[in-house]
Structures are given as C-alpha cells and as structure tokens.
*Asks:* 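I have a structure here, written as structure tokens, and I will follow up with some questions on it.
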Amino acid sequence: MSRISNGVLAILILFLLPWPGQIFAEDPIRVVTTTPDLADIVRQVGGDRVSVISLTNGSEDLHNIRPRPRLLNAVFKADMLVQIGLDMEHAWLPQLLNAARNDRIRPGTPGFINCSAGIQPLDIPAATTRKDGPDLHLKGNPHYNLSPVRGRQIVANIIEGLSNKYPQYSEEFKKRGAEYLQQLDQKISDWKTRLAPFKGAGFIEYHPTWSYFAKDFDLQIVDRIEAKAGVTPHATRLAEVTEKAQQNNVGLIIVRPVNQDLARKIAANCDAKIAILPHHSSVKGNLKGYIPFMEHIVSTFEKNLKVEQR
Amino acid sequence: MKPLSLVLALLICIGAPLTSLQAQDGSSRIGLGDYGQTTVLDNRFNPAISFIGDMVATWSDDEGIEAGADGFKLRGAEIGLFGAVDNAYEFHGIIFFDDEDVELEEAYVMATDWLTPTSHIKAGRFNMDFGKLSPIHDAELPMMDKPSVLQEYIGGTLKGTGAELHWWSPLGDTSLLRGSIGIFQSADSDAHVILGPGGGHHHHEDEEEEEEGPLREAGDFAINARLSTLFDVTDSATLQLGGSLMTAPERVFGVDEDDIQDINRSVMGLDLTYVDMDESNGSGFRFQAEALMNDQDEGELDDGGTAGDPSDDIFNVTNTEASGFYVMAERVMDSNNTIGFSFNQYEHAEDSAEESSDFGVFYTKKLNEFNRLRFEVRSFKDLVLEEEGVEELVDFTAVSLQWTVQLGSHGHGLEW
C-alpha cells in the first residue's frame with residue numbers, strides 16, 4: 001500500500017472515530033418552559049436527560065411578550081412544553097403554538113405540562129366583566145410560583161409530566177425530583193421560621209400578585225395600589241392607599257420596576273419602604289434558580305416587614 | 001285541608017322535572033344521561049367573537065375641507081368570527097360596517113395539515129400577503145391611515161378571492177424564513193381611508209362596473225408572492241427584510257371583440273422592519289420602511305377622429321412605471337404611550353411626472369389593551385383632488401383624533 005493510501009486511511013479513521021459515539025449517544029429531551037423558574041425545576045428533575053430553554057428571562061411582564069423568531073423556533077423544535085397556566089401566558093403562547101404547529105407539545109398531549117394542575121387558584125373574580133378591570137384573570141391569580149408551598153406542586157407536576165412522556169427514565173426523574181423536593185422542604189421550613197415573627201404583618205402590592213406568598217407565611221395584603229386590574233390608579237386612589245398604609249402602619253410596598261414611581265408617591269407620605277421584586281427567577285445572575293429566587297424574596301420581606309404591626 | 005293540598009300539588013309540579021333531571025345525571029345509559037345534545041340551540045361550539053369600533057374626528061385648513069377631511073366620522077365597526085371547523089380546518093370571517101355599507105371584508109377557510117406542519121393554505125376572500133401594512137386591518141395600524149404610497153398603488157390593502165399557500169422554516173435558532181404564494185380571481189383594493197389619495201370614500205375597484213371582456217384564460221389570474229426573513233439580532237431586537245410581488249394580468253376587448261389586448265398591472269415591494277422592545281416595562285422603538293414600484297397599463301379607445309366610424313378606431317395602451325416609499329418610526333415610551341412619525345413620497349400611478357408627499361406625527365395613548373386614543377397631525381403636499389373629472393393638486397394640514405375600542409377575542413401573534 002502506498003504512503004498516500006495509508007495517509008488517506010489514517011485520515012478516514014480519524015474522521016470516523018467520533019461517529020460511533022455520536023450515533024449511540026442519545027439526544028437530550030428538548031424542553032421549553034415559559035419562565036426561568038420552570039426551566040430550573042425541569043433541569044433539577046431532568047438532569048442530563050434534558051436540554052431546557054426558557055422563553056422568557058424573568059424580567060419581562062409576562063403579558064407583554066413579543067412573539068419572535070427565537071421563541072417560535074424553540075417551540076417548533078421542542079419535545080416538551082412546560083407552562084404556568086391560569087392564563088398567565090394567554091397573550092402570546094397560544095399564538096406561538098398555533099404558528100409552530102408542533103404536535104409533540106400540543107395541549108392535551110403528554111408533551112404539554114400545565115403546572116397549575118392541582119393548584120387551588122386564589123383571587124378568582126366574582127364577576128366576569130371588564131368593568132372590574134381590563135386585565136382581569138378569570139381563572140384566578142396566576143402567580144402561584146411565588147408560593148414555595150405551591151412550588152412543591154410545580155415540582156410534582158414536572159416529575160409526573162416527564163415520567164408520563166418518557167417512562168423509561170421515570171425512576172431517574174422521580175429520584176432527582178424527590179431530592180429536589182427535600183431541598184425545597186428544608187428551605188420552606190427555614191423560610192417559615194424566619195418569617196414567623198412577622199405573622200399578620202401587612203404590606204401593599206401594586207397588582208394582585210402576592211396572595212399565595214402571603215397565605216404561605218400568614219402575611220396580610222393591606223391594599224392594592226391598582227384598584228382594578230389593568231387600570232392605572234389616579235391621584236384619588238393613591239391618596240386612599242396612602243391613608244390605609246398610615247392607618248395600618250404598613251412597612252413594605254412591593255412593586256415591579258415599572259410601577260415604582262407610583263409607589264414612591266405613597267411611600268413619601270407614610271413610613272414604608274419600597275421593594276422592587278421580580279415575579280420570576282432569572283436566567284442568569286444571583287436570582288438564577290427557583291430556590292435562590294425565593295430566598296431573595298423571603299429575605300426582602302424579612303428585612304422590611306414591621307414586627308410591631310402584628 | 002284545601003290550601004295544604006294546593007301547596008302539595010304545587011310542590012309535586014316543581015319537583016317532578018327536578019327528579020327527572022337527577023335521574024338523567026345518574027343514568028348509566030349512553031344517550032339518556034351524560035351524552036347527547038339536549039337542545040337544538042346548544043351554544044357551546046360557537047366561534048370566538050371580536051368587535052372593533054373606530055371613530056375619527058378631523059379638522060383641517062381650507063383646502064383640506066375640499067379633500068373631505070373635516071368632521072366626525074365612524075370609520076367603521078368590525079365584527080370578527082373565528083373558529084375551528086374540525087381538527088384540521090379553521091374559519092375566519094370579518095364583517096365591516098360603516099355609516100353606509102355592510103361588507104364581508106374577509107371570509108376564508110384555513111387548512112392546517114395538508115402539507116408540512118409549518119405550512120397552511122387559506123382559501124376564500126382575504127387580504128393578500130403583500131408587504132407589512134397592506135394585510136393588516138385599519139384599527140391595528142400604528143398611524144391613523146394606511147400610508148399614502150399604499151393607497152396610491154394598491155388602494156391601501158390588496159384583497160382577492162382565491163387561495164394562498166403560507167410556509168415558514170427555522171434558520172438556526174434565532175432566524176427564520178417565510179414565504180407565501182397565492183392565486184386570485186383578481187387583485188382588488190380595499191381601504192377605509194380618512195385622509196390621503198384614497199380618502200373620502202371606500203376604494204373598491206371590485207365594485208366598479210365590470211366591462212365585458214374576453215373569456216378568462218389560465219394565465220389571467222392575479223398572482224401574489226412574498227418572501228421574508230426575520231432575525232433576532234439581540235435578545236430584544238428583531239430585524240425583518242421582505243420582498244413582495246403582485247401581478248394582475250387582464251385581457252380586454254380593444255377596438256372590437258376580435259381585438260384582444262393585454263392590460264397588465266404589477267406592484268413590487270421591498271420592506272425593512274426593526275423592532276427593539278424592553279419587555280420588562282414595555283418600552284422600545286420600531287422603524288419600518290416600504291418601497292413600492294408600480295407598473296400599470298391603461299387602455300383607451302381613440303375613435304381616430306371619426307366619431308361613429310369604428311373602422312379607424314385605435315386602442316392605445318400606455319404604460320406607466322411609478323415608485324414611492326414610506327418610512328415610519330415609533331418610540332414606545334411604555335406600554336401605554338407611543339409617539340411616532342411617518343413620511344410618504346410617491347410618483348402618481350397614472351402620471352409618474354407628478355409627485356406627492358405627506359408627513360405626519362402621531363401620539364397613541366392606550367388607556368388599556370382594549371381602549372386606545374390617537375392624536376395625529378399630517379401635512380399633505382400636492383395631494384390629488386378630483387372634482388367632476390378635473391384634477392387639482394392641493395396642500396393642506398389636518399389634525400385628527402381617533403378612538404378605537406375592542407371587545408372580545410384577540411391575540412398577539414408573530415409580525416410576519
């Protein structure tokens with residue numbers, strides 16, 4: 001055999017060597033989640049079996065998501081879709097699903113996990129009219145991810161959903177899920193201990209958001225700056241909330257960055273601090289991961305709630 | 001005892017139907033209890049319904065009054081009906097009402113599983129997929145009216161009765177390619193314009209009296225095609241580049257029925273859109289531009305100087321190529337407040353030596369997602385007014401206030 005032939009053979013072997021590994025390696029399950037909280041929990045449960053993309057980065061208003069190529073491509077290629085539900089993503093996710101036409105993740109199939117399954121919704125409006133606010137959530141408050149107790153249900157739903165779709169990995173998912181639930185339970189116990197001295201303490205929120213969290217830790221939502229969901233409050237409303245904050249000696253007003261100016265007007269006339277809190281964990285930084293995110297939330301309440309208000 | 005008997009009889013009367021309903025609930029016989037339609041007026045499979053009302057008040061200087069700009073107008077009210085026919089077909093219908101007319105604006109069936117998962121076919125009457133602002137309805141526009149260049153060349157919106165195939169494909173993780181091609185009976189125009197070259201009336205070429213022509217041949221249908229790419233250039237910004245082409249051949253009788261002449265019309269459009277939005281607070285900006293090239297034939301019968309003698313008649317076909325563009329930019333200050341401007345410049349479709357332009361600024365206040373106010377000032381230069389067949393070029397400035405409300409079903413889809 002000539003030197004050239006040997007050389008060609010050597011190059012061919014070099015090229016072919018990695019192939020068997022690639023051929024027999026299994027592709028990870030492509031999971032798309034609507035929020036970084038869900039993405040983190042799927043990673044905790046799925047481990048190396050999953051590759052996860054969050055459609056949002058945690059800082060957005062989930063009613064304002066702009067469907068765009070990155071989101072559509074992710075939904076199109078996904079093997080599984082995990083959503084918050086209770087109409088949290090109703091403004092944009094149905095449109096993405098409609099455009100992507102990915103049968104693997106269609107609602108009602110094993111590839112679709114609605115994490116609100118098993119959650120008892122709070123704040124279900126008594127009347128179904130937009131006179132009670134244009135941003136009314138008819139199915140109830142969708143911010144149950146802010147309750148670590150209900151976070152357990154999210155974990156359980158994800159374990160069940162992944163196991164249903166991929167029964168061959170079910171034991172693995174259940175084992176990982178149980179380990180994560182154990183971590184979460186320890187944290188919940190710690191958080192309850194830390195917030196126990198504040199039982200009954202009141203705070204003000206902008207929009208119906210923190211009901212589940214308040215219920216977990218026996219806190220009281222004294223008032224909402226937004227009298228009706230989606231209606232920008234006027235001066236009269238701000239005066240009413242300020243008066244209530246003064247009467248109840250409220251120490252904390254919770255808002256998103258976009259609402260902080262209105263909160264400042266109230267805080268200027270009462271002895272309350274403003275805390276700017278996101279509604280979801282982040283895809284990067286200190287707030288990456290559901291447990292670190294909830295830790296930040298609990299710490300913020302712990303630092304700012306007034307004990308004497310009890 | 002008599003009153004007691006009466007009360008007992010009443011109780012039995014009221015209780016009897018309840019007992020039968022309870023029996024049905026508990027029935028294990030299919031068809032008697034849990035299954036089966038209980039009334040012919042069952043409402044559960046009705047389509048989703050939406051309603052849009054669009055009111056406008058406009059004031060202008062003297063020449064604008066001639067252009068019909070002044071006063072209060074109900075631009076229109078739209079009722080939309082959308083529903084799934086079955087697992088693979090959807091039906092969309094939009095009915096438009098204004099002070100004078102009721103018209104079926106769109107009515108089409110969408111087949112979603114005929115070809116690939118990322119393609120669908122629309123069949124019926126609908127807005128053609130041409131450019132960015134032509135296919136969308138007036139109430140969804142970023143400014144009050146369709147840009148003047150669209151009004152001039154395609155009457156605001158290209159509409160047709162026919163079928164259109166849509167398809168898209170991912171290009172990597174952050175880009176995609178999208179295309180559509182359609183075949184239509186004819187290319188019609190439809191807009192409900194307040195100000196501009198199509199203003200003051202509904203522009204319906206399809207409603208014009210059709211002249212008798214030769215039998216339609218296979219190549220006589222209007223064709224529309226669009227290809228566009230969308231790129232997510234950053235986590236918050238998307239760039240779109242697109243090209244559209246519509247061609248509408250028509251054959252007419254020339255001097256007599258043996259003389260068949262081709263009267264063709266085609267419009268080509270290129271568009272660029274850049275959107276950058278911060279979704280945490282709803283702020284951002286949008287830049288959009290479309291350039292259109294219009295190529296149209298006009299046929300005119302010349303009697304050769306001898307009226308009543310068809311032997312020296314000549315059918316003249318003249319061709320005009322004209323082009324124009326609009327640019328617009330919007331600064332979205334937050335989810336409730338937007339300011340923007342748009343500028344149009346275009347050669348006249350029937351005489352490219354003449355040119356018109358307009359410039360407008362607009363402020364949109366969204367009281368909430370369903371209730372929107374818009375204030376717009378627009379200045380027109382050399383707008384063509386036609387009075388009893390005589391054309392006149394006028395300059396004027398108009399101030400408009402638009403109020404749009406929406407009820408019912410709607411969503412935020414991809415901006416294809």
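So you know, we letter chains A, B, ... as the sequences are listed, proteins then strands, and number each from 1. From a predicted model like this one, the values you see are computed outputs, not experimental measurements.
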*Asks:* If the threshold is 4.0 Å, N to carboxylate O, is there a salt bridge linking B/Glu369 and A/Arg130?
*Replies:*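 Looking at A/Arg130 together with B/Glu369, the answer is no, because their closest N to O distance does not fall below 4.0 Å.
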*Asks:* Relative to chain A, which segment of B/Thr112 carries a heavy atom at a distance below 4.5 Å: side chain, backbone, both, or neither?
*Replies:* both
*Asks:* With respect to chain B, which residue among A/Glu60, A/Arg101, A/Arg70, A/Arg256 yields the maximal number of heavy-atom pairs within a distance under 4.5 Å?
*Replies:* A/Arg101
*Asks:* Do the non-hydrogen side-chain atoms of A/Leu96 and B/Leu414 ever get within less than 4.5 Å of each other?
*Replies:*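 Touching, per the 4.5 Å side-chain cut-off.
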*Asks:* Give a yes or no on whether the backbone of B/Glu415 and the side-chain of A/Arg68 come within a donor-acceptor separation of less than 3.5 Å.
*Replies:* no
*Asks:* Closest approach of B/Thr118 and A/Ala100, non-hydrogen atoms and distance?
*Replies:* CG2-O, 4.4 Å
*Asks:* Quick check: closest heavy atoms across A/Ser59 and B/Ser280, and the distance to 0.1 Å?
*Replies:* O-CB, 3.0 Å
*Asks:* Report which part of A/Asp103 has an atom under 4.5 Å of a heavy atom belonging to chain B: side chain, backbone, both, or neither.
*Replies:*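 Answer is neither: A/Asp103 stays 4.5 Å or more from chain B.
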*Asks:* If we ignore angles and hydrogens, is there a donor and acceptor under 3.5 Å between the side chains of B/Thr238 and A/Arg66?
*Replies:* yes
*Asks:* Please name the pair of heavy atoms, one in A/Ala99 and one in B/Trp168, separated by the smallest distance, quoted to 0.1 Å.
*Replies:*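 Distance-wise, the nearest heavy atoms are O-NE1, 3.1 Å.
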*Asks:* With a 4.5 Å cut-off on heavy-atom pairs, point out which of A/Asn259, A/Asn98, A/Ile65 contacts chain B the most.
*Replies:*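 If we count pairs closer than 4.5 Å to chain B, A/Ile65 comes out on top.
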*Asks:* Which bit of B/Thr229 comes within less than 4.5 Å of chain A, counting heavy atoms only: side chain, backbone, both or neither?
*Replies:*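 Contact with chain A is absent: no heavy atom of B/Thr229 under 4.5 Å.
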*Asks:* Let's test your reading of the structure: which of B/Leu407, B/Asp334, B/Val275, B/Asp278 forms the most heavy-atom pairs below 4.5 Å with chain A?
*Replies:*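 Most heavy-atom pairs within the cutoff with chain A belong to B/Val275.
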*Asks:* Mark yes when over 12 heavy atoms from residues, nucleotides or ligands other than B/Trp167 sit less than 6.0 Å from its CH2; otherwise mark no.
*Replies:*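 More than 12 within 6.0 Å, yes.
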*Asks:* Do you know which two heavy atoms are closest between B/Gly172 and A/Asn73, and how far apart they sit?
*Replies:*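 Closest approach of B/Gly172 to A/Asn73, heavy atoms only: O-ND2, 3.5 Å.
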*Asks:* Which bit of B/Glu90 comes within less than 4.5 Å of chain A, counting heavy atoms only: side chain, backbone, both or neither?
*Replies:*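 It is the side chain, since no backbone atom gets that close.
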*Asks:* Charged N to carboxylate O under 4.0 angstrom, A/Lys77 versus B/Asp173?
*Replies:* yes
*Asks:* Give a yes or no answer on whether the side chain of A/Asn64 reaches the backbone of B/Gly282 with a donor-acceptor pair at less than 3.5 Å.
*Replies:*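 Answer holds: no.
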*Asks:* Quick one, B/Leu176 with A/Leu72, criterion side chain to side chain contact (heavy atoms under 4.5 Å, CB included). Give me CA distance, side-chain angles, the key distance, then yes/no.
*Replies:* CA-CA 9 Å; B/Leu176 57 87; A/Leu72 180 60; 3.7 Å; yes
